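Below is one structure, written out as structure tokens; comments come after it.
In what follows, chains carry the letters A, B, and so on, assigned in the order in which the sequence lines appear, proteins first and then strands, with residues in each chain numbered from 1. Remember, it's a predicted structure, so these values are computed and weren't measured experimentally.
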2 protein chains.
Amino acid sequence: MEEKMKEINSMLVEIYDDINHIEEYTIKQGAFNDISITEIHTIEAVGMYGSKTMSEIAQALDITMGTLTTAVDKLIKKGYMERSRSNTDRRIVNVSLTKRGKLAYRIHEKFHMDMVRAIMKDFTPEEEEILLQGLRKLNQHLKDIYTPGK
Amino acid sequence: MEEKMKEINSMLVEIYDDINHIEEYTIKQGAFNDISITEIHTIEAVGMYGSKTMSEIAQALDITMGTLTTAVDKLIKKGYMERSRSNTDRRIVNVSLTKRGKLAYRIHEKFHMDMVRAIMKDFTPEEEEILLQGLRKLNQHLKDIYTPGK
DNA sequence: GGCAAATATTTTGATAATCAAAATATATAG
DNA sequence: CTATATATTTTGATTATCAAAATATTTGCC
């Protein structure tokens with residue numbers, strides 16, 4: 001039992017580190033080598049469809065709006081997203097992805113999907129189901145011990 | 001299939017983020033609230049027993065030695081580690097944990113173990129085994145597509 | 001034995017990501 | 001129509017990071 005726990009822990013730590021490195025590396029090698037992981041995640045948070053407000057994005061990323069403002073400035077300059085003031089409430093700024101932003105989104109999404117595919121490889125449907133349930137439980141458990149912003 | 005993959009992916013992303021937040025939060029609340037996660041990881045890389053050279057630590061953390069130098073400077077100032085020149089080769093700097101450093105190490109280790117214990121608690125042995133298998137596969141997949149330092 | 005090349009580390013000068021608090025602009029409620 | 005609330009940006013700071021230059025020491029070789 002103790003042994004298995006240690007293995008799971010070191011798996012988690014290794015996976016955590018590797019994902020970081022690989023995500024970084026993949027971006028640097030790819031077609032969009034002028035953006036960082038952090039920036040990809042900002043693009044991810046804006047989302048493929050329609051637009052999001054600054055507040056929504058900042059909340060999703062769990063960063064302050066000040067941080068987000070500068071991040072969005074740079075991503076606009078690089079051609080990945082655009083800003084527009086809401087017509088109904090001029091305080092609100094809507095951010096949406098450009099063509100280039102959407103392409104970057106899709107490529108990053110593929111990276112993630114390939115990762116999941118690798119996990120599922122050789123799993124029977126039952127195993128798949130069990131894994132999913134396990135992850136749901138783990139996720140819920142983590143949410144229980146800590147809820148962001150609280 | 002596609003649906004299930006998407007759910008697994010978003011579970012993984014959420015879990016990843018939550019672990020980050022929880023780790024950060026736990027440190028801020030605890031007895032060693034003058035250090036960051038990054039600093040805890042530096043302490044972790046120095047290790048409980050004996051000492052490590054700057055090169056070894058930098059390689060383990062995958063950061064440059066310049067970055068490490070400043071990190072170690074700060075951790076020494078805060079009383080978590082110490083430096084000493086090797087007697088056999090005066091170019092080499094050995095870094096080791098102080099009592100305080102070792103205590104921080106143990107507390108962080110306990111945090112990890114508690115987390116794994118919490119995860120496993122809700123799992124049946126069958127789920128546990130499948131989760132472990134999934135993690136092993138993911139780990140292998142990540143190693144296959146990228147080997148650090150190459 | 002002494003100099004050139006290699007090795008280990010630190011210093012320097014720069015950038016990215018982040019925050020809290022102040023400033024700005026707009027909306028809403030009484 | 002004014003005071004308060006809300007959404008965002010600006011300001012001033014800190015931390016983590018890198019690459020390249022500088023420093024100190026060791027090793028290899030004539």
Side-chain angles (χ1 to χ4, degrees), chain A residues 17 20-21 23-25 27-28 32-46 51-78 80-96 148-149, chain B residues 17 20-21 23-25 27-28 32-46 51-78 80-96 148-149:
Chain A
D17 287 349
N20 251 327
H21 288 135
E23 223 170 347
E24 180 109 44
Y25 182 79
I27 292 166
K28 290 254 171 76
F32 301 102
N33 56 358
D34 60 339
I35 47 177
S36 66
I37 294 187
T38 309
E39 289 178 312
I40 277 281
H41 289 156
T42 306
I43 288 170
E44 214 174 8
V46 172
S51 61
K52 292 253 163 61
T53 69
M54 291 298 284
S55 312
E56 285 167 349
I57 302 165
Q59 190 180 7
L61 294 173
D62 201 17
I63 56 176
T64 65
M65 271 195 285
T67 301
L68 184 59
T69 296
T70 52
V72 169
D73 283 349
K74 280 207 310 184
L75 283 166
I76 288 173
K77 194 172 286 178
K78 291 183 190 171
Y80 289 90
M81 41 183 68
E82 27 190 36
R83 261 195 191 94
S84 66
R85 285 271 164 192
S86 157
N87 285 322
T88 53
D89 185 340
R90 308 283 306 151
R91 290 171 303 179
I92 292 172
V93 169
N94 288 121
V95 182
S96 59
Chain B
D17 287 348
N20 244 332
H21 288 134
E23 207 169 355
E24 180 109 42
Y25 182 80
I27 291 168
K28 290 254 170 75
F32 300 103
N33 56 358
D34 61 339
I35 46 177
S36 66
I37 293 189
T38 309
E39 288 178 314
I40 278 280
H41 289 156
T42 306
I43 289 169
E44 215 174 6
V46 172
S51 60
K52 292 252 164 64
T53 69
M54 291 296 284
S55 311
E56 285 167 350
I57 302 166
Q59 190 179 7
L61 294 173
D62 202 15
I63 56 175
T64 65
M65 273 196 283
T67 301
L68 184 58
T69 296
T70 53
V72 169
D73 283 349
K74 280 206 313 185
L75 284 166
I76 287 172
K77 195 172 284 177
K78 291 183 191 170
Y80 289 90
M81 41 183 69
E82 28 190 36
R83 261 197 191 94
S84 65
R85 284 272 164 190
S86 157
N87 285 323
T88 53
D89 185 339
R90 309 283 306 151
R91 291 170 305 180
I92 291 172
V93 169
N94 287 121
V95 181
S96 59

Between [X] and [N], is there a contact of a side-chain N or O with OP1 or OP2 at under 4.0 Å?
X: B:T38; N: D:dT15; answer: no
X: A:R83; N: D:dT9; answer: yes
X: A:K74; N: C:dT15; answer: no
X: A:T64; N: C:dC19; answer: yes

* Of B:S55 and A:E39, the one whose closest DNA chain C nucleotide lies more 5' ->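 The residue whose closest nucleotide sits nearer the 5' end is B:S55.
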
For the [atom1] atom of [X] and the [atom2] atom of [Y], what is their distance to the nearest 0.5 Å?
X: A:S51; Y: A:E56; atom1: OG; atom2: CD; value: 8.0 Å
X: B:E24; Y: A:D62; atom1: CD; atom2: CG; value: 9.5 Å
X: B:K52; Y: B:I92; atom1: NZ; atom2: CD1; value: 14.5 Å
X: B:L68; Y: B:D73; atom1: CG; atom2: CG; value: 9.5 Å

* Structure fact -> Nearest heavy-atom contact between A:M65 and A:A58 is CG-CB, 3.7 Å

* **side chain to side chain contact (heavy atoms under 4.5 Å, CB included) assessment of A:T69 paired with A:R83** => CA-CA 11 Å; A:T69 296; A:R83 261 195 191 94; 4.0 Å; yes

Sugar-phosphate, base or nothing in reach of [X], heavy atoms under 4.0 Å:
X: A:T67; answer: base
X: A:T70; answer: base
X: A:T53; answer: sugar-phosphate
X: A:M54; answer: sugar-phosphate

* To do: Indicate yes or no: at least one non-hydrogen side-chain atom of A:N94 is less than 4.5 angstrom from one of A:T53.
  => yes

* Asked: Does some side-chain heavy atom of B:I27 sit less than 4.5 Å from a side-chain heavy atom of B:E39?
  ->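 Not touching, per the 4.5 Å side-chain cut-off.
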
Measure the distance from [atom1] on [X] to [atom2] on [N] and round it to the nearest whole Å.
X: B:D73; N: D:dT17; atom1: CG; atom2: C1'; result: 15 Å
X: B:K28; N: C:dT18; atom1: NZ; atom2: P; result: 13 Å
X: A:I35; N: C:dA16; atom1: CD1; atom2: C1'; result: 14 Å
X: B:N20; N: C:dT18; atom1: CG; atom2: C1'; result: 14 Å
X: B:I76; N: C:dT10; atom1: CD1; atom2: C1'; result: 13 Å
X: A:I92; N: D:dT9; atom1: CD1; atom2: P; result: 12 Å
X: B:D62; N: D:dT17; atom1: CG; atom2: C1'; result: 12 Å
X: B:M65; N: D:dA16; atom1: CE; atom2: C1'; result: 17 Å

* Structure fact -> The answer to which of B:I63 and A:V93 contacts DNA chain D further toward the 5' end, by nearest nucleotide, is A:V93

* Does atom CD of A:Q59 have more than 12 heavy-atom neighbours from other groups under 6.0 Å away? ->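 For A:Q59, atom CD is not crowded (no more than 12 foreign heavy atoms under 6.0 Å).
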
* Asked: Per the end-axis method with five pairs at each terminus, what is the bend angle of the helix from C:dG1-D:dC30 to C:dG30-D:dC1, to 10°?
  -> 0°

* Check: A:K78 side chain, A:I35 main-chain N or O, donor-acceptor pair, under 3.5 Å ->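 Answer holds: no.
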
What N/O pairs connect the protein and nucleotides 26-30 of chain C at under 3.5 Å? Give each pair on its own line.
{"from": "C:dA27", "atom 1": "OP1", "to": "A:R90", "atom 2": "N", "distance (Å)": "2.9"}
{"from": "C:dA27", "atom 1": "O4'", "to": "A:R91", "atom 2": "NE", "distance (Å)": "3.4"}

